[in-house]
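Computed from heavy atoms alone, side chains included, the values below leave out hydrogens, waters and symmetry copies.
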Amino acid sequence: MTGLMRVLLLLAASGGFPPALWDSFSKEDLPPEAFLDEGPGLWERLGYSETVRNNLARLAATGWPEREEERAARAGVRIVPFDSRDYPRSLAGTPSAPLLLYVRGKWPVAGPSVAVVGTRKCSSYGWRTAAEIGRAVAGAGGVVISGGAAGIDGAAHEGCLDGGGATTAVLGTGVDVVYPRGHEGLFGRIVREGGALVAEYPLGAPPRQWRFPERNRIIAGMADRLVVVEAPLKSGAMSTARHALEAGREVWAVPGRISEECCAGSNRLLFDGAQPLVSVEEFASVAFGRQLGLFPPGEERGKTPSLTEKEQRILAVLKKYGERTVDNLAVECTMSPADVFSCLALLAAAGHVFPSGPGRWSVVPR
């Protein structure tokens, strides 16, 4: 183990904010070995808190860095320091870039990247939109980056995987910790299908409230551009957008209903000048410089080749007026509820509509 790696591992487990701790040490223009040789006296001079100093002394005395490296090797986890050629170039130089990354899965995950973020408590429309964006990114040969959380994050990861792409989840825990618990299957699939789980925290690090805002800067820094699907004004997605703007990244937002709290932040981004994502296909065209169909040619051929007059009528109403119930559609399309049910079933099978709530239907975002 190099002297630098030993120091970086200690800082990662110190209980402080590693980039800030390292920044103060690097200004001393000392070799990494001096960090431990001078020990507590140096740490106090650098302004480290008593808690951080005590943690560093304890971890160094017990050989924790060496044991952590061994545990990572046994778990198939790579530790990528900031001076490695495998450290993401897009992340280097961003404000408070992480000193090292723990990586479980394939690394690096190659390809143009799009971060997709949003609220955990998303609407069915938001979930479906995030999934379609993920699928579109995969279809264009890109990589989806998100936070592995419930809601919009999970939808974007799953959409990318369903589209045959690779996705990276930046976690607010150790890469060997499943959080939320229901995402064990998703995390396993990400690793199996050519993606990666990434974190700056030691193995076994549990979820803590402050870690999720911290990891948001990594999501923003690793991505070429950021899409906010649904986000309240005070949310992790909005902090990720701020980090993206600070890093000079392109920020897009999906318009939402002005009456819904879950869209207040993403709508505010649009008001402040973010790019409006009003068509998934057009976004993919702009982001990747190519036209894109959401479904591969073989899959598209397997869908309903044409629509009946009644199906076209229902689809036109949903596109024009948005979410509708079966009763709404029956009145507006002058059809019986039984005919509406039948047409909706065929339209859903063809990928044109989806159930957006109890008894309600919406058109699939394009």
Side-chain angles (χ1 to χ4, degrees), residues 116 118-139 150-164 182-183 185-186 189 229-230 254-263 266-267 277-284 292-366:
V116 183
T119 179
R120 290 170 170 81
K121 298 179 180 179
C122 64
S123 68
S124 57
Y125 165 76
W127 199 99
R128 186 61 182 253
T129 301
E132 293 295 349
I133 293 170
R135 187 183 181 96
V137 171
I152 297 299
D153 290 14
H157 289 306
E158 291 191 17
C160 183
L161 293 169
D162 289 344
H183 277 188
L186 174 60
R189 189 180 174 197
V229 178
E230 286 181 344
V254 174
R257 293 173 177 168
I258 62 174
S259 59
E260 295 184 359
E261 183 182 346
C262 69
C263 299
S266 38
N267 285 340
L277 198 159
V278 296
S279 163
V280 175
E281 290 185 342
E282 288 179 7
F283 166 74
L292 176 74
L294 290 182
F295 301 99
E299 185 176 347
E300 190 65 38
R301 286 194 298 269
K303 293 186 179 295
T304 306
S306 61
L307 301 178
T308 66
E309 186 273 334
K310 289 183 178 180
E311 291 163 357
Q312 290 176 9
R313 215 187 309 165
I314 289 174
L315 199 57
V317 168
L318 290 175
K319 286 181 177 179
K320 185 174 183 179
Y321 299 110
E323 187 180 65
R324 284 290 185 271
T325 66
V326 170
D327 288 340
N328 295 151
L329 291 170
V331 171
E332 293 167 358
C333 298
T334 61
M335 297 165 55
S336 70
D339 282 346
V340 172
F341 270 121
S342 177
C343 291
L344 286 172
L346 291 171
L347 288 168
H352 295 298
V353 302
F354 70 100
S356 53
R360 308 185 73 84
W361 292 81
S362 295
V363 70
V364 171
R366 297 297 190 193

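Of the inter-residue distances, the one linking Leu318 atom CG with Ser362 atom OG reads 7.0 Å to the nearest 0.5 angstrom. In this structure, NE2 on His157 lies 6.5 Å from CG on Leu186, to the nearest 0.5 angstrom. Taken from CG in Leu329 to CG in Leu344, the straight-line distance is 6.0 Å, to the nearest 0.5 Å. In this structure, the separation between CD on Glu281 and CD on Glu132 is 9.5 Å, given to the nearest 0.5 Å. One finds the CG atom of Leu346 at 9.5 Å from the CG atom of Leu307 (value rounded to the nearest 0.5 Å). In this structure, CD in Gln312 is found 10.5 Å from SG in Cys343, a value given to the nearest 0.5 Å.
Looking at heavy atoms from C-beta onward, Leu277 lies in side-chain contact with Ile133 at the 4.5 angstrom threshold. The closest side-chain heavy-atom distance from Asp162 to Arg189 is below 4.5 Å. No side-chain heavy atom of Ser266 sits under 4.5 Å from any side-chain heavy atom of Val254. For the pair Arg135/Val280, no side-chain contact is recorded, criterion being any heavy-atom separation below 4.5 Å from C-beta on.
For the pair Ala136 and Ala284, the tightest heavy-atom approach, listed with the atom from each and the gap, is CB-CB, 4.4 Å. Here the closest heavy-atom approach between residue Thr119 and residue Cys262 is recorded as CG2-CB, 4.3 Å. What you find for Phe354 and Tyr125 is that their closest heavy atoms are CZ-CA, 3.9 Å. Across Trp127 and Ile152, no two heavy atoms sit closer than the pair N-CD1, 4.1 Å. Shortest non-hydrogen contact noted between Ala155 and Ala130 is CB-CB, 3.9 Å.
With hydrogens and angles left out, the side-chain atoms of Thr325 and Asn328 include a donor and acceptor closer than 3.5 Å. Looking only at atom types and distance, the side chain of Ser123 has a donor-acceptor partner in the side chain of Glu230 under 3.5 Å away.
Using a cut-off of 4.0 Å between Lys/Arg side-chain N and Asp/Glu carboxylate O, Glu323 and Arg257 are scored as salt-bridged.
Atom CD of Glu332 sits in a crowded spot, with more than 12 heavy atoms from other residues, nucleotides or ligands closer than 6.0 Å.
Applying the side chain to side chain contact (heavy atoms under 4.5 Å, CB included) test between Leu347 and each of Thr308, Val364, Ile314 identifies Ile314 as the sole match.
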